[in-house]
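Letters A, B, ... mirror the listed sequences (proteins, then strands); counts begin at 1.
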Amino acid sequence: MNFNKRTHNCGELNLSAVGETITLNGWVAKKRDLGGILFIDLRDRYGITQLKINPDNKNLYDSGIKLGNEFVISATGKVIKRESINKYLPTGEIEIEVTNFEILNESETPPFNVEEDVKASDDLRLQYRYLDMRRHTLTDNLILRNNVYHIVHEYFKNFGFLEIETPILMKSTPEGARDYLVPSRVHKGKFYALPQSPQTYKQILMVAGLDKYVQICKCFRDEDLRADRQPEFTQIDLEMSFVTQEDIFQISEGFFRQVWKEIMNIDIPTPFRIMTYNDAIQTYGSDKPDLRIKGEMKIHTITESLLNSGFKVFDDVITSKGTIAAIKLEKQEVTRKSIDGITDFVKKLGLGGIAYIKIAKDGAVTSPIQKFLGEEKIKEIISNLQAEPGDTIFILSGDTKKVYPALGNLRLKLAEDFKLIDESKYEFLWIIDFPLFHYEEEENRYVGEHHIFTMPKDEFLRLLDSTSREEIESIRANCYDLVLNGTELGSGSIRIHKPGIQKKVFNIIGLTDEEAKEKFGFLLEAFQYGAPPHGGVAFGFDRLVAILCGLKSIRDVIAFPKSVSASSLMDNCPNIVEDKQLKELGISITKS
RNA sequence: GGAGUCGUAGUUCAGUUUGGUUAGAACGCCUGACUGUCACUCAGGAGGUCGCGAGUUCGAGUCUCGUCGAUUCCGCCA
């Protein structure tokens, strides 16, 4: 098809081009027909330029008014200075006096208006994703994403990293998330799995001596979705040999420095803060604390000062080795209604209820537990938390494993309800010293807290032979999470590189030697041929880009995201397949 | 797997509390008028399986149950 090709794009023309004859290709974004004069906003990825059609040319005008939104046209004309400029448009000082145009393609009336402030619902936008992506807000996200790709390639290349592709069809492994399975035609009844991460491959690359590996890779996990979780997502995956945790931190921090410098023009301070897992839980009730909250709202453990308080609820908690802890909300109007809301909130988290101490502006103290604890204890708590008039203290008591996370959640809720989050901040934080295992009551066994290739810290190695639950759960791992503004942005560890240690870990999680050999034999075998000490980390690419775009959901930084039930609404997948295909695979569908 | 919210014109919503005449508005679409708009303006018009299926009722957009889809949270996500 022959057509007049563009000489410029729709975002670049300005006063300096006045007088030139140019051609633009693009989509009709908006038509304004004033009867004697016709204005058309022409849109492409780069911007919008106004076309003007005069009625002097009757034929041109008559065909111009027939244009509909989203028609694709090629328009040729002269760049002229506008009579009335539009200061909101980069091209707002000029317009194109059209001498001729051709329709390259017509468009049906779109199901929703393509406009920046889109009004259509999420599912409609997903169904017509190609229309949604004509909006600059979405295009800009994808452009920013592309810029981050380039920083990854460039930054890691400069440090001698090799980008190496790893297989998408791999072996299904136990542990961790549910695998997406792919049936094999050649080997009927056998299955590949899509990678949850290229974990074993990158470790094998280290054994091979490739030394520094990085990859922007797709990962797949068949678990339920959230706003920041898709069934397929992208990671920046890296691994290095002959390194310690500090080396991984350094290379990672440099990367984020460069991203923030190039994308946001912000110098983020390095090194990042480091906090142990235990501190994070006990101080913020979370292993991914948001440090942007005004006044910090740290959790204070007050179990000690409430020994023998005489208040049955607290005494019982202390007898059963539970925890009493509190947070302080500074200088906020706390109403009866908001206390009720908070009570409902903690009940949903499995706590019986919440106690509070409210200090009025005049210093008067109200608390439903004052009559049980007495004035002295209340004063002690107030001074413990350094609370002042106008503040409110919330106190939770119960099972230690519930109290801290509940207070952590309450902290986030209060921060949101009372708008205490400083959105301008970027608070990076490493969390270290995670437990290596935790006991899964339902399955009656230990499971890896991070993943099962994580090296225990040296001083805990001897406990791998222990049979005591307390000792095994006390083992700390050489692993680390990167947290940014309350989001887990990445996770990594120094890996086990000795087959003996790896076997012990497999045994603790309940894999027999035979099963370990069957599932991970190749890795154990590789470790027998001179595996170097190695470690790495993987960062959530979608989450990173979402944060840079100021978005909470990762959906709008992905060109073709899935809905919350893991469907693609545009192409209607997943879907049934031909019987013939199933037959070839030896698969029959059972009715549940 | 569990809980919440939502589903009405092409789109975004109102109407559902308390069942009752012909289901409304805005944007979009169609027709006409208009020579400096940029949310153009003005006049007129078309457009509805109230997600789907049962039930209650003389009567259901409205009440009940089921189901499908979207979305948020819990479980889950090494």
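Between the CG atom of A:Asp179 and the P atom of B:C76 there is a distance of 18 Å, rounded to whole Å. Atom CZ in A:Arg43 sits roughly 19 Å away from atom P in B:C38 (whole-Å rounding). Taking atom CG of A:Asp117 as the reference point, atom C1' of B:C27 lies 12 Å away to the nearest angstrom. Between the NZ atom of A:Lys81 and the P atom of B:G36 there is a distance of 18 Å, rounded to whole Å. Taking atom CG on A:Leu225 and atom C1' on B:U72, their separation rounds to 13 Å, with Å as the unit. At whole-Å resolution of the value, CG in A:Leu569 and P in B:A70 are 6 Å apart. B:U71 atom P lies 7 Å from atom CG of A:Asp123, rounded to whole Å. What separates CZ of A:Phe233 from C1' of B:C77 is a distance of 9 Å, to the nearest Å.
Using a 4.0 Å heavy-atom distance criterion, A:Val564 is classed as a base contact. Contacts of A:Leu131 with the nucleic acid, taken as non-hydrogen atoms under 4.0 Å apart, are absent.
Between the side chain of A:Ser121 and the base of B:C6 there is no donor-acceptor pair of N/O atoms closer than 3.5 Å. No hydrogens or angles were tested; on distance alone, nothing pairs the side chain of A:Arg221 with the base of B:C76 as donor and acceptor under 3.5 Å. With hydrogens and angles ignored, a donor-acceptor pair under 3.5 angstrom links the side chain of A:Glu95 to the base of B:G36.
Of the candidate nucleotides B:C38, B:C77, B:G28, B:C38 has the atom lying nearest to any side-chain atom of A:Asp41. Among B:C38, B:C73, B:A70, the nucleotide with an atom closest to any side-chain atom of A:Arg32 is B:C38. When each of B:U35, B:A39, B:A70 is scored by its nearest atom to the side-chain atoms of A:Ile37, the top-ranked nucleotide is B:U35.
For B:A70, one of the phosphate oxygens OP1 or OP2 lies less than 4.0 angstrom from a side-chain nitrogen or oxygen of A:Ser565. Regarding contacts with the backbone of B:U72, a side-chain N or O of A:Arg555 is found under 4.0 angstrom from either OP1 or OP2.
Taking all atoms of both residues into account, the shortest heavy-atom contact from A:Ala546 to A:Ser553 is CB-O, 3.9 Å.
With its ring centre under 5.5 Å from that of the base six-membered ring and a plane angle below 30°, A:Phe39 counts as stacked on B:U37.
The salt bridge (charged side-chain N to carboxylate O under 4.0 Å, His left out) check on A:Glu115 picks up A:Lys119, with sequence neighbours excluded.
Salt bridge A:Arg476/A:Asp433: absent, no basic N to carboxylate O contact under 4.0 Å.
The side-chain contact (heavy atoms from CB on, under 4.5 Å) test with A:Cys10 singles out one residue from A:Leu42, A:Leu51, A:Thr91, A:Asn25, and that residue is A:Leu42.
When the C1' atom is used for both B:C30 and B:A46, the distance is 7 Å, rounded to whole Å.
A cation-pi geometry, defined here as NZ or CZ lying under 6.0 Å from the six-membered ring centre and within 45° of its normal, does not hold between A:Lys218 and A:Phe233.
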